[in-house]
Every structure is written in structure tokens, then in C-alpha cells.
Amino acid sequence: MSSPLKPLPAWADVALIPLINVAAAFVISGFVVLAIGENPLEAVQILITGALGDLEGIGFTLYYATSFIFTGLAVAICFHAGLFNIGVEGQAYIAGLGAALAALYLGFLPGYSLVVVAIAAAALFGAAFAAIPGYLQAKRDSHIVITTIMFNYIASALMGYLLVDVLRVPGQMNAETPGFSKYAAVPQFHELLAPLGIQWPVTPFNLSFLLALAAALAVWLLIWRTRLGYEVRTVGANATAAIYGGISPSRITIITTLLSGALAGGLAVNVILGQEHRLILEFTGGFGFVGIAVALMGRAHPVGIILAAILFGVLYQGGDELAFDKPKISRDMIVVIQGLVVLFAGALEHMFRRPVSVLLARRTTQPPI
Amino acid sequence: MELFDTFIQIFGSGIRLGVPLILACLAGLWSERSGVVDIGLEGKMLTGAFAGAAFATFTGSAWIGLLAGVTATVVASLIHGYASIDQRANQIVSGTAINMVADGLTALIGNAIWSQGGRTPQLSDTALFNAITLPFAESFGAVPIVGSIYRHLISGHDIVTYAAFALVPLTYWALYSTRFGLRLRAVGENPAAVDTAGISVRGLRYSAVIICGVLVGLSGVYLSLAQAAFFQPHMSAGKGFIALAALVFAKWRPWPALATCLLFGFLDALATRLQGVELPAIGAIPVQAIQSLPYILTVVLLAGFIGKAIPPRASGIPYVKER
Amino acid sequence: MAAPVAAGEDRVTTDAGRAPPAIELIGIDKSFGPVHANKNVNLRVERGVIHGIVGENGAGKSTLMSILYGFYEADAGEIRINGEPVRIRSSKEAISHGIGMVHQHFMLVYPLSVLDNVMLGAEGGPLLANGANAIRRRLAELGKEYGLEVDPDAIVGELSVGLQQRVEILKALVRGAEILVLDEPTAVLTPAEADQLFEMLRVLKSENKTIIFITHKLREIMSLTDRVSVMRRGEMVATFDTARTSPPELADAMVGRKVILKIDKSEAHPGRVALEVRNLVVRDDRDVVRVNGVSFVLREGEILGVAGVAGNGQSELLEALAGIRPLSAGEILVDGEPLPPAEHNPHAERLIGIGHVPEDRHRVGLVMPFEACESAMLGFHYETVYGRGLLYDRKAIIDDAEHKMEAFDVRPRAPLLKTANFSGGNQQKLVLAREIERNPKIMLVGQPTRGVDIGAIEFIHKRIVAQRDAGKALLLVSVELDEIFALSDRIIVLCGGRITGERRAEDTNAQDLGLLMAGVDERAA
């Protein structure tokens with residue numbers, strides 16, 4: 001049986017333990033690389049060079065990171081309310097529909113107001129799709145984990161049907177919508193910087209990144225500096241106390257899932273409006289699930305999420321380069337790392353707590369010899 | 001008669017599509033009845049499918065493949081068990097991790113070994129579980145209807161399929177007629193009651209998790225060594241989650257689990273069959289509508305619009321002795 | 001400093017040649033982190049007696065019994081069963097030594113049948129069928145022998161609480177328990193059910209079973225037990241023959257030096273009716289009626305104590321008044337006006353000046369992972385003092401908390417420290433500070449000093465009386481009679497969800513209230 005431990009010092013709790021957890025995930029990933037007959041150190045070198053070695057790599061890295069900031073925030077905001085939203089993937093997918101419908105059918109809007117409306121439509125569709133499981137959790141006590149999983153598949157089926165049978169360009173083989181007008185595009189950085197005389201290589205890195213940073217700031221303010229955020233955290237920490245404090249947990253559940261779905265829409269903004277400029281099948285590419293790893297690794301704090309998102313951006317971009325150089329280390333390696341991060345930073349987050357606190361206690365209590 | 005043959009075909013196909021669901025659903029049933037929520041069924045199914053196909057490729061033996069597949073999923077289950085039981089982790093997070101690692105690792109290793117984008121080589125003959133023709137299938141098959149059902153629906157499946165169907169009554173019997181089953185049902189509802197009765201909560205939950213691993217392993221092996229003749233990345237294609245849905249739909253009971261999985265398998269078969277078919281008066285039904293029916297039905301059930309699905313009371317909650 | 005306390009050893013008359021005691025605990029010691037729950041505890045329980053253990057909440061009774069039952073292992077000490085030293089490392093070992101335990105919170109599996117519950121852990125083989133028949137027969141025998149009839153095929157969750165407890169006792173007996181430990185068994189029972197239980201225990205005793213009966217109710221000790229041991233703050237302080245002791249002597253031993261100091265309290269000057277309750281009916285989460293037609297008035301400038309054995313509807317009454325629990329029937333009037341349904345919620349009630357100190361600060365009153373300053377604004381977090389615009393003004397929040405901590409002497413005075421890191425007394429002061437500082441006209445106060453150290457008790461009591469003197473109307477719910485007496489001007493007693501009597505504080509005594517709490521009104525009779 002385990003005797004209770006002294007609480008760890010704050011620095012160990014906030015920095016050391018999370019770092020050890022993430023390090024464990026990477027060490028095991030290293031062994032995986034070793035096991036398939038490659039040199040992990042060489043792999044890391046290729047990966048980092050590919051992701052950060054030149055402006056093009058950095059552009060792609062930040063493009064990926066943008067998606068991950070959005071999905072990480074979407075997962076994290078639910079964490080604060082004590083909810084586990086596994087449905088970010090599906091919510092982002094449906095958000096893409098919103099963005100595309102606005103971009104395709106509201107072309108009469110003047111100039112770049114179209115893209116603003118398209119962004120709003122993405123957020124709205126994402127929020128609406130998330131609100132159904134949220135409502136069912138709040139009012140009908142249906143477990144949000146199961147319903148959001150189901151909703152991912154429902155989204156996938158719905159979008160498959162719409163893209164194949166309804167929105168596809170007649171005569172086209174690919175299941176995709178027609179291209180959007182240029183006013184429905186979130187400008188990419190190389191386009192913006194060219195008139196200023198700055199040469200930035202052509203990458204999908206676009207203004208959505210700034211939107212993501214703004215969203216991170218907004219989430220931080222919301223959670224720690226507003227009444228709503230206070231209520232969200234109270235419900236997440238202790239729903240009974242929330243009721244006592246005059247806060248309705250079901251109202252907070254619905255509001256939080258709405259916000260989460262809207263943030264998930266950011267993924268669609270970045271990919272559909274920022275890069276693809278048309279709606280395509282499966283554009284979410286599992287990035288909604290990356291959000292779970294990002295949120296856990298970033299400990300549901302926007303700053304942590306930005307850092308974790310950039311790390312995963314490096315992994316995804318560098319992973320592409322790596323897969324090119326070392327065909328044995330396919331992109332699947334990144335999914336493995338992501339899973340290991342969820343395992344060690346999430347499920348096994350307390351595994352190193354005991355050894356660390358024993359170690360620290362020994363260090364501080366050992367008498368000088 | 002033609003209509004009858006069509007039905008026989010669809011039902012046969014439904015059974016084949018239902019088998020992996022039945023096995024995974026029973027796996028989830030054992031785990032969740034003990035209080036360990038398992039959303040990692042999908043990943044474990046892939047793990048079993050991959051390890052099974054890989055070892056069947058190496059050895060040419062389906063049985064060694066099966067052993068390897070089951071061993072691999074038991075290991076994955078034990079990781080989830082360690083996180084859930086000993087580390088008192090959030091079981092949803094742990095299951096998500098298992099799904100991700102399995103999804104990535106199977107494709108990665110498959111690609112590293114065979115360089116076919118993660119696909120294993122085509123398997124044949126002894127490396128697969130082949131159809132078994134039951135006695136008198138030929139002669140008795142000539143009898144209209146009953147004979148046809150015997151020949152086409154009951155005969156002609158592989159050993160794993162028959163095992164899956166046998167495992168349903170076995171699970172039922174073990175759950176309701178044995179000491180282990182009673183304790184397992186109790187530990188998923190109130191682990192403290194089990195603990196104070198002098199029974200190890202940990203031991204029970206680990207046993208359940210191992211049984212879960214074995215069953216979901218069979219399910220995975222079925223995918224690669226019976227339904228297909230190879231492994232390819234992501235080949236479970238959400239079946240683990242459908243099994244989870246079926247488990248909710250069956251309210252964590254074995255016979256309804258069988259019925260639900262067969263229904264979901266049948267829906268899948270029907271969707272394939274109806275692809276592009278114009279039905280009189282209705283027109284073409286989008287195949288996606290039928291495919292998403294299991295998910296929609298489960299949500300509707302969870303929302304309490306058709307009965308109420310109440311999970312075992314202690315499921316998902318780590319057991320901590322109260323002071 | 002820990003000189004071993006010979007637990008009344010001098011009082012025990014040991015005849016030579018008599019059977020060894022059923023249980024001997026020698027020098028049992030147990031700590032949970034910084035909490036020293038059992039300090040060198042000695043206890044001797046003779047065979048075939050009903051031995052009571054009394055003590056206040058947190059005195060260490062339950063920990064001691066959990067050690068006896070193998071739920072925890074003692075840090076030090078020895079257990080002897082029938083004179084033999086034994087090690088009990090698990091419930092399984094306790095059972096094999098003939099110890100059975102009826103926990104305060106039943107260890108039952110509600111969706112399973114009585115038979116399944118009794119059989120659990122005593123199945124008699126890997127298959128259920130044989131064992132089931134044997135147990136069925138055994139249940140029938142026990143039913144006849146002790147009057148413990150219960151339908152073996154009934155679903156436990158559908159039985160009454162009294163019957164559920166019976167299943168717990170049957171579980172122990174079927175396992176061949178010779179020593180039966182009951183932890184606060186009457187806390188959840190109606191008086192009639194409690195009487196039945198006592199009858200049952202006397203029959204068991206006549207069959208030479210040994211019974212350990214844990215309670216904090218002296219009335220039960222006096223009416224049931226042969227011997228009684230008293231625990232106080234982790235120590236076993238005395239053991240008596242019940243026939244040769246009295247409730248005052250036991251109470252003294254339980255409390256030690258009289259800790260509940262009578263607060264200097266001037267006479268009350270009740271004013272207008274601030275709160276009136278008419279025919280209130282309230283159900284609990286399981287839809288059982290817990291408050292059944294309660295009516296009373298609460299005036300400004302008085303403290304109305306609500307006494308009763310825990311679980312007789314006080315908690316539900318308090319939650320209903322605070323707007324947390326819906327009313328099944330009846331109405332609440334504030335200042336003579338019926339409280340409209342739309343305002344029957346915690347938020348609206350705070351707005352009209354009803355403060356609420358909940359019974360359970362851990363689960364309800366505070367948010368343990370929050371900074372103290374954030375816990376200090378729970379329920380008032382919408383107010384503009386914490387920031388006028390969209391965003392909170394952190395400085396205002398911290399200043400406000402500092403002010404409250406100053407006013408109520410919360411230590412350490414650290415608004416940014418996590419709520420969980422304060423001691424129980426300081427957490428409770430924080431709750432009181434939050435509720436009182438908003439100057440409500442009506443205060444609903446539940447168990448204000450539960451698990452609070454002595455110094456803080458006095459402080460808290462003084463603050464409550466000060467509120468009364470400031471003309472506030474206070475409703476005090478407490479299961480500690482001493483607290484009810486120390487604070488109340490007027491007392492109502494709840495039993496089984498009904499008011500069994502009302503007294504002016506100076507017109508009553510513990511015995512009188514004890515009878516009311518048992519549902520007997522002598523004066524009315």
C-alpha cells in the first residue's frame with residue numbers, strides 16, 4: 001500500500017514532471033526507431049533540419065502548428081469544464097462545410113468580408129455540431145465521450161455523402177467542391193510579404209496563425225479572467241460546489257462545448273480557407289486527435305498548448321522530410337509519438353511522481369557527509 | 001427464390017462483417033463489466049490484426065499468427081490495465097493513447113518490414129483460417145430454404161467465426177453462473193463491496209482486462225487472417241468503435257450484444273448491397289446513411305429516447321480505498 | 001510524550017480461568033501523513049458482550065475498526081483474537097478470523113440480488129449453483145434463528161435501508177462471524193428500524209457472539225451495551241461497565257476538558273419573522289421523502305437550532321431552503337412574501353440576502369484546487385466588485401480575500417494559496433467570512449464546526465452569535481447537541497423528516513432533546 005507523499009515543490013510539479021513525462025515518450029520513440037533499424041539521433045537531426053532548417057520548413061511547421069493550436073485549445077477548454085471532447089475531428093470537418101458553403105454561396109459579399117463571413121461560418125458549424133453532444137450530456141446525461149466518438153463517424157459519413165453526391169463538380173472525378181474565389185482565402189504569408197520586398201518561400205503558412213494566437217490569448221483571458229471562465233473551472237473542479245455557488249453545470253456544459261466546437265472550426269479555417277481553397281475529403285487528417293496530445297502536453301494552458309503545437313508542427317513537417325529521406329520511418333512514426341505523448345503525459349502522468357519525490361526528498365534530507 | 005438467395009447472401013455477408021464486432025464487443029463487455037472503460041478496442045483490433053498477419057507471414061501458420069495476435073493485444077490491454085488500475089489514470093485518455101500508438105505502430109512496422117506502405121504480403125492457404133464445410137452441407141443443401149440456410153449461412157465459415165458464436169453463451173455462462181462472473185459483475189458496480197468481502201479488486205480487474213485482450217485479439221486476427229488475407233494500415237476502419245456502440249446498445253449484456261453486432265453487421269452488408277441501387281418509391285439510399293445508422297442509433301439510445309443505457313456504476317472510476 | 005494509556009485496564013476484572021477476550025488490541029498506532037489517527041490504542045473486548053465504542057467525529061473509531069478488519073495495516077501494535085496474536089492484512093484474513101463488519105456506508109452491490117450479495121466472497125466453489133443452494137438454506141436458517149428474514153431473490157437496491165443493513169449482517173453471519181463490528185449503524189435508520197436492530201443484536205449476543213458497536217450517540221450506548229470504551233482524538237481514554245457509568249461521565253470522557261465553552265451570550269431579542277416555512281416536503285436524490293411537512297418560523301435576532309440524528313432530513317431541509325434542492329410541496333416565505341419558484345435557486349437567494357454555510361465545505365462550500373481568493377468569491381463571483389468590465393480585476397479579488405481573511409483570522413493569510421492547503425478550521429472560517437461579509441439578513445448554517453480544531457470552534461461560535469446580535473436571522477443545523485445548546489435560542493428537533501418538538505433553549509436538556517430526536521415527545525404525550 002502506498003503511504004501519502006509530501007507534495008512536490010511547485011517547480012517540479014509544473015515543469016519537471018511534465019518534462020520527464022514527455023521525455024519518456026520521446027525516449028521510447030527513439031527505441032522504436034532503433035527497432036526498425038534506423039539511427040534515432042540521425043532521425044532527429046533530419047527531422048529538425050526538415051522542420052526548422054530553412055524558411056520553407058518553418059513555414060510548413062507553423063502551418064501545421066496553427067491547426068494544432070486550434071484543436072489543442074478546443075480539447076483544453078473542455079478539460080477545464082471536466083469534459084472530454086474526442087469529437088474535435090468531426091467538429092472541424094463539419095466546420096469545413098460551413099466555411100465552404102459560405103465561400104461558395106455568399107460570393108456576392110463585398111471583397112474580403114467574404115472570408116470573414118466564411119470564418120464565422122466555420123466557427124458556427126463547428127459549434128453547432130459540438131453542441132449536440134454537449135446538449136445531450138447536459139440535459140440527457142449521455143456520456144459525451146461516447147457521443148462525440150459517434151459524431152466523428154456521423155460527420156465522416158455526412159461529409160462523404162455531401163462531397164461525393166451533392167457538392168462535387170459535375171464530371172469531376174475527385175470528391176471536392178469547386179475552388180473558392182480569392183476573397184474567400186485567408187492570405188498566405190508569402191503573398192503578404194512579397195509587396196514588402198520580403199522573400200518568403202511559398203508555403204501554406206497563412207494569417208490563420210495570428211488568429212490562432214489570438215484565440216489562445218482569448219482562451220487564456222476567458223478561463224482565468226472572466227466570470228464565465230470562473231464558472232467553467234468551478235464546474236470542472238467541483239460540480240456540486242458550482243451548484244451551491246449558483247452556477248448551472250448544464251448551462252456551462254453547453255456553452256463550453258459550443259466554444260470548443262467553434263475553436264475546432266479554426267482547423268478548417270487554416271486548412272480549407274488558408275491552403276486548399278476548396279472543400280476536400282478527410283481534410284482534417286487526424287489533426288483533431290493531435291489536439292488531445294497537444295492539450296495534455298500543454299497541460300490545458302494556452303501557453304503550453306502553443307509550445308506543444310509548435311513541437312507537433314515540427315514533428316509533422318520534419319516527419320514528412322524524414323519519411324522522404326528514410327522511407328522506413330514513415331509518417332506513422334509521428335502518430336506513434338503522439339500516442340506515446342498521450343500515454344505518458346496523460347494516462348501515466350503520475351507514474352514518475354513517486355520516484356521523483358523520493359529522489360527530491362533524499363536530496364533535501366540527506367545530511368552533508 | 002431469387003429474393004431469397006439475395007437475402008441469404010446479405011445475411012451471410014452480415015455474419016462475416018458481424019464476427020469482428022461480436023468478438024470486440026464481448027471484449028469490451030468483460031472489461032467494462034469489471035469497471036475498466038475501454039475505448040482502445042479499435043487500436044487493439046489493429047494490433048491483433050497486424051501481429052496475426054505478420055506472424056502468419058513469417059511462419060505460414062494461421063495458428064501461430066493467432067497466438068501472436070492475441071499475445072500482442074493482451075500486452076496492449078495490460079498497458080491500459082496498468083494505467084487504469086494501478087496508476088488510476090483517466091481511462092479515456094489511456095484508451096485514446098492505445099488507439100494512437102496502435103494506429104501508428106502497426107503501419108510503421110509493417111512498412112519497415114515489407115515496404116508496401118504498411119501492407120503485409122498476401123497470405124494464402126495454411127496461413128489463413130479457411131472456410132469449414134460442415135457435414136452434409138452439400139447433400140442437405142439441396143433441401144429448399146432450410147437446406148440452403150444450412151449450407152450458405154451456417155456452414156462454410158472459418159473456425160474463428162464459430163468460436164465467436166460459441167463465446168457468446170460461454171460469456172453468458174461465465175458471467176452469471178460462475179464465481180468469477182459474480183465477482184466481476186460486483187466489482188464493476190461497487191469495488192468496495194468486493195474488497196471488503198476479501199476479494200482482490202486489482203486481481204479481478206486485471207483478469208478482466210486480460211480476457212478483453214484475448215477476445216479483441218481474436219477479433220483483430222479475424223480481420224487479417226479470415227476476412228482479408230493480409231494486414232493493411234487502418235483496416236479496422238472504426239469497427240472497434242462500432243463494437244463499443246454495440247456494447248452500449250446491448251446495455252452490457254452478452255445476448256443483446258450478439259444481436260446488436262449481427263444487426264450492425266447486417267446493416268453494413270446492406271449498405272454495400274444497396275450501393276447505387278434505385279429502390280422503388282424511395283430512390284437511391286445514400287450508402288453513408290445506412291453506414292452511420294449504428295452510430296445514430298447509439299446516440300439516440302444514449303440520449304434516453306429509446307430506453308436507457310446505464311453503464312456499470314463503477315466503470316471508468318479508479319478504485320481508491322476510502323479513509 | 002506518548003505515555004501509554006492503559007485503557008481503563010484497572011477497571012477490568014479478570015477472573016482466572018475465564019476464556020481469553022475475544023479481541024485484544026495492544027498499542028495500535030496509525031498515521032495518515034500528518035494525521036495521527038490512532039495513538040497507542042489499547043482495547044479489550046470480552047466474548048459474548050456488546051461493547052460500545054464512543055467518540056466524537058474524527059476521534060479515530062472508524063480507523064481503529066478498519067485496522068481490525070484488515071482495511072488498513074497498523075503502523076505499530078498487536079491484535080489478539082481469543083488470546084492468539086494474529087496479523088490481519090486484508091479483509092479476507094479478518095473474515096477467516098471470524099470478524100464481520102457492517103460498514104457505515106453499506107458494502108452492497110445494488111443491482112444484484114440479496115443472495116448474490118451474501119454469496120460474494122463465500123461462493124463455495126468456482127460454480128455458483130451449489131453454493132447458492134447452500135447459502136439459500138443458510139439464509140433461511142439464520143432468518144428463523146435470529147429473526148433476520150429477507151427475500152433472497154430481492155434486488156438489494158430495491159430494499160429499504162433497514163433491510164439493506166440486515167443483508168450486511170447476514171453477509172457477516174453466513175461467513176461464520178463470531179465477532180461483529182457495526183460502524184455507526186443507526187445513522188441511517190429510522191427509530192423503529194434502530195429498535196429492530198437492537199433486538200437483533202441482543203439475540204446475537206445471547207448466542208455468544210461478540211459485538212462491537214460504534215456510535216457517537218450516548219443514548220444508544222446506555223440502552224444497548226454491556227461495556228463501553230471512549231475514544232478521543234485518536235486515543236482510547238477510558239473503558240467502563242455501562243451499568244456503572246452515566247451519560248455525563250461518558251460525555252466528559254469523550255470531550256475531555258469541556259471544549260465547547262459556553263459563549264457569553266446575552267438574551268435574544270427576536271424581531272420580525274424573516275423566514276417562514278410552510279408544510280415543506282423535500283425528496284432526496286433517490287426520490288425518497290426526507291422532509292415531510294415541516295413548518296416553522298425564523299425571526300430576526302435569533303438562532304434557531306435544528307437538532308436531530310444525522311440523516312433525519314436536516315441536510316435536505318437546509319439544501320431546500322438554500323435553493324439547491326427542489327421543493328416537492330410547501331412554500332418558503334421571506335419577509336412574509338412567498339419566494340417565487342423563479343427565485344428558488346442559490347443565485348437568486350443570495351441576491352435577496354440569504355447566506356448559506358453548507359454542511360460539507362469540502363464537497364460543497366469550497367473548490368479545493370482553487371486559490372483561496374477564488375474560493376472566497378464562490379457564489380458572489382458575478383459581482384462588480386471583482387471587476388466592472390468584461391474581465392476580472394485580479395487585485396480586487398485578492399484584496400477582497402485579504403480583507404475577509406483579516407476579518408476572520410484565516411491563517412496563513414495567503415489569498416493565492418490553494419484552498420486545499422488550509423486546515424479544516426481555516427477553510428471553514430473562509431466559508432463563514434465569505435457568507436457573513438456580504439451581510440445577509442438570513443443565514444443558513446450547517447455543521448459550522450465539523451472537523452474544526454477547538455480554537456476555531458470558539459471563534460466561529462462567537463461570530464455566529466455576533467450575527468444574531470446584529471439582528472440577523474440564523475438557522476443552525478448541527479448533529480452536535482453541545483453545539484445546538486451552545487448557540488441556539490430556540491430549538492426544533494427533526495426525526496424522520498418531521499418536527500417532533502420545539503423548545504426554548506433554556507427550557508430543555510440533553511435528555512429531553514434525546515427523546516425528541518428519537519421521535520418521542522414526553523411533554524406532548
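Residue numbers start from 1 in every chain, and the chains themselves are labelled A, B, ... in the order their sequence lines are given, proteins ahead of strands.
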Checking [X] against chain B: side chain, backbone, both or neither under 4.5 Å from a heavy atom?
X        : value
A/Ile337 : neither
A/Leu340 : both
A/Ile132 : neither

If the condition is side chain to side chain donor-acceptor pair (under 3.5 Å), which residues does B/Thr47 pass it with, not counting sequence neighbours?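 In terms of side chain to side chain donor-acceptor pair (under 3.5 Å), with neighbours along the sequence ignored, B/Thr47 is linked to no residue.
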
Quick one: pull up [atom1] in [X] and [atom2] in [Y] and give me the separation to the nearest 0.5 Å.
X        : Y        : atom1 : atom2 : answer
B/Ile242 : A/Met150 : CD1   : CE    : 8.0 Å
A/Leu163 : B/Gln288 : CG    : CD    : 10.0 Å
A/Met333 : B/Ile109 : CE    : CD1   : 9.5 Å
B/Asp103 : A/Gln338 : CG    : CD    : 9.0 Å
B/Gln87  : A/Glu349 : CD    : CD    : 9.5 Å

Between [X] and chain A, with a heavy-atom cut-off of 4.5 Å, which part of the residue counts as in contact: side chain, backbone, both or neither?
X        : value
B/Ser115 : neither
B/Ile113 : neither
B/Ile98  : neither

Partner chain A: residue of B/Ala107, B/Gly118, B/Pro233, B/Gly304 with the largest heavy-atom pair count (under 4.5 Å):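 Counting heavy-atom pairs under 4.5 Å, the top option is B/Ala107.
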
Decide side-chain contact (heavy atoms from CB on, under 4.5 Å) for A/Leu136 and B/Leu302; before the verdict, give the C-alpha distance in whole Å, the side-chain angles of both, and the deciding distance to 0.1 Å. CA-CA 8 Å; A/Leu136 292 176; B/Leu302 269 175; over 6 Å; no

Could you list which of residues 29-38 of chain A have a heavy atom closer than 4.5 Å to any heavy atom of chain B, in residue-number order? A/Val32, A/Ile36

Do you know the tightest heavy-atom contact between [X] and [Y]?
X        : Y        : value
B/Ala97  : A/Gly339 : CB-O, 3.6 Å
B/Asn111 : A/Pro327 : ND2-O, 2.9 Å
A/Ser142 : B/Ala303 : OG-CA, 3.3 Å

A quick test of your reading: do over 12 heavy atoms of other residues, nucleotides or ligands sit less than 6.0 Å from CZ of B/Phe58?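 Counting neighbours around CZ of B/Phe58, more than 12 heavy atoms of other residues, nucleotides or ligands fall under 6.0 Å, so yes.
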
So do [Y] and [X] actually touch side chain to side chain, heavy atoms under 4.5 Å?
X        : Y        : answer
A/Asp332 : B/Leu105 : no
B/Val93  : A/Phe84  : yes
B/Thr96  : A/Leu343 : no

When B/Ile92 is tested against each of A/Val145, A/Ile144, A/Ile146 for side chain to side chain contact (heavy atoms under 4.5 Å, CB included), which residue passes? A/Val145

Ring pair (Phe, Tyr, Trp, His ring centres under 6.0 Å) with A/Phe344: which residues, sequence neighbours excluded?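 Applying ring pair (Phe, Tyr, Trp, His ring centres under 6.0 Å) to A/Phe344 gives none.
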
Identify, with sequence neighbours excluded, every residue that meets ring pair (Phe, Tyr, Trp, His ring centres under 6.0 Å) alongside B/Tyr82. none

Hey, can you tell me if B/Phe241 and A/Tyr153 have their rings parallel, tilted or perpendicular (30° and 60° cut-offs)?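 Tilted.
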
